[in-house]
Amino acid sequence: MTLVRDGEPRYRAIAADLAAKIHAGDYPAGSALPAQRELSGAYGVTLMTLRQALRQLSDEGLIVQQAGRGTFVSPPHLAYRLGSLRSLADDLREQGHAVRTVVVSAGLAASPRFGAGSLRLERVREFAGRPSVHQTSWVPAPHAERLLGVDFAAVALYAALADIGVAVARAAETIRPALLEASSKVHLHEPAGTPVFVSERTTFALDGAAVVDDRAVILGDAMEIRAERAATGLSMTWSGTQT
């Protein structure tokens, strides 16, 4: 097969061809690539050249090489923007990801922060068919009762707040690494002790009042944090290897 353009290293052309096949679904997430000798023969290159191509794909996060087992397509990753005030699902959809929200429960309860009469909203975010985020959000009275009839499987919490006249202005968020606990493992279908990120966010309205208290448990192998540094400041995002 002819892949190389004038002046282009052969390994880059091979990496680009394999990446295109991964994105097209010819090699689905979690599947094994053909053996290195088979690939080098198909592309008509040495093993050294093929390994350069695989190293590039590994650096881009598209594949994972496992000693003694082979080369596998990486699972898709979520991308969560730290600087955004929109909902998690809206952020992910804007980046082209298919996200499904499953509502575990929604009802009035006593919030540790807001007290009685608060809305407790528990959801699971599925990405590429995999439960990846277990999220519990609290909204205080008097907004809580006005949100009881909302279908949160289809409507984002921030959008629902906007519909009742509550505009969000800012949020304070803390993110820390942790291990999956029993309260979340049943929803994420992973064993206790699995590495996770825990995001705790409080969102404030224009008048400075807290309107959402949110805790999200995110599977550690579904996300990564990337930073872009410039002379004028720092931009940080949750990001992943799927493009």
Side-chain angles (χ1 to χ4, degrees), residues 78-94 97 99-127 131-188 190 192 194-220 222-223 225 236-238:
L78 300 173
Y80 175 55
R81 296 171 181 167
L82 296 179
S84 174
L85 268 178
R86 293 174 304 179
S87 74
L88 171 61
D90 285 345
D91 256 350
L92 297 175
R93 292 188 184 105
E94 184 186 283
H97 301 311
V99 181
R100 178 172 177 254
T101 297
V102 178
V103 177
V104 178
S105 64
L108 298 181
S111 161
R113 179 188 182 99
F114 300 130
S118 300
L119 172 70
R120 182 183 185 277
L121 174 61
E122 185 177 6
R123 292 161 291 176
V124 173
R125 312 289 195 172
E126 294 183 358
F127 175 69
S132 299
V133 182
H134 177 221
Q135 189 172 11
T136 303
S137 304
W138 292 90
V139 179
H143 313 306
E145 288 192 4
R146 301 175 64 191
L147 297 175
L148 285 177
V150 175
D151 178 9
F152 286 106
V155 179
L157 176 55
Y158 285 2
L161 285 168
D163 287 342
I164 63 172
V166 180
V168 299
R170 65 181 182 88
E173 184 172 15
T174 300
I175 300 162
R176 56 182 172 82
L179 299 177
L180 187 63
E181 298 177 348
S183 58
S184 289
K185 74 172 187 176
V186 65
H187 301 292
L188 297 180
E190 296 289 343
T194 297
V196 296
F197 292 109
V198 175
S199 164
E200 295 178 332
R201 175 194 279 196
T202 301
T203 302
F204 301 88
L206 294 173
D207 62 1
V211 291
V212 180
D213 203 21
D214 184 88
R215 185 177 190 270
V217 178
I218 307 157
L219 288 180
M223 288 196 181
I225 300 174
M236 295 186 65
T237 61
W238 287 92

Gap between atom CG of Leu121 and atom CZ of Arg123 - 0.5 Å precision: 4.0 Å

Name of the residue among Val102, Leu157, Thr101 meeting side-chain contact (heavy atoms from CB on, under 4.5 Å) with Phe152: Leu157

side-chain hydrogen bond (donor to acceptor under 3.5 Å, both in side chains) between Arg113 and Ser118, intermediate numbers included: CA-CA 9 Å; Arg113 179 188 182 99; Ser118 300; over 6 Å; no

Side chain to side chain, Val196 and Glu190, heavy atoms closer than 4.5 Å: no

Shortest non-hydrogen contact from Val166 toward Ala205: CG1-CB, 4.4 Å

Least distance between heavy atoms, Ala160 atom then Val150 atom: CB-CG1, 4.1 Å

Gly117 to Ala144 - nearest heavy-atom pair and separation: O-CB, 3.3 Å

CG on Leu219 to CG on Leu188, rounded to 0.5 Å: 4.5 Å

CZ on Arg100 to CZ on Arg125, rounded to 0.5 Å: 12.5 Å

Closest contact, heavy atoms only, Ser132 versus Phe127: OG-CB, 4.1 Å

Heavy-atom closest contact (Val124 atom, Pro131 atom, distance): CG1-CB, 3.9 Å

Pairwise side-chain contact, Leu147 with Asp163, heavy-atom cut-off 4.5 Å (strictly under): no

CZ on Arg215 to CD on Gln135, rounded to 0.5 Å: 11.5 Å

Side chain proximity check, His134 to Ser183, heavy atoms < 4.5 angstrom: no

Heavy-atom check, side chain of Leu108 versus side chain of Leu148, under 4.5 Å: yes

Glu145, CD atom: more than 12 neighbouring heavy atoms under 6.0 Å: no

4.5 Å side-chain heavy-atom contact, Thr194 and Lys185: no

Residue pair His143, Ile164: steps toward the side chain to side chain contact (heavy atoms under 4.5 Å, CB included) verdict: CA-CA 8 Å; His143 313 306; Ile164 63 172; 4.0 Å; yes

CZ on Arg146 to CG on Leu119, rounded to 0.5 Å: 13.0 Å

Minimum-distance pair of heavy atoms, taken over all atoms of Phe114 and Pro140: CG-CB, 3.5 Å

Rounded distance [0.5 Å steps], CZ in Arg201 versus CG in Asp213: 11.5 Å

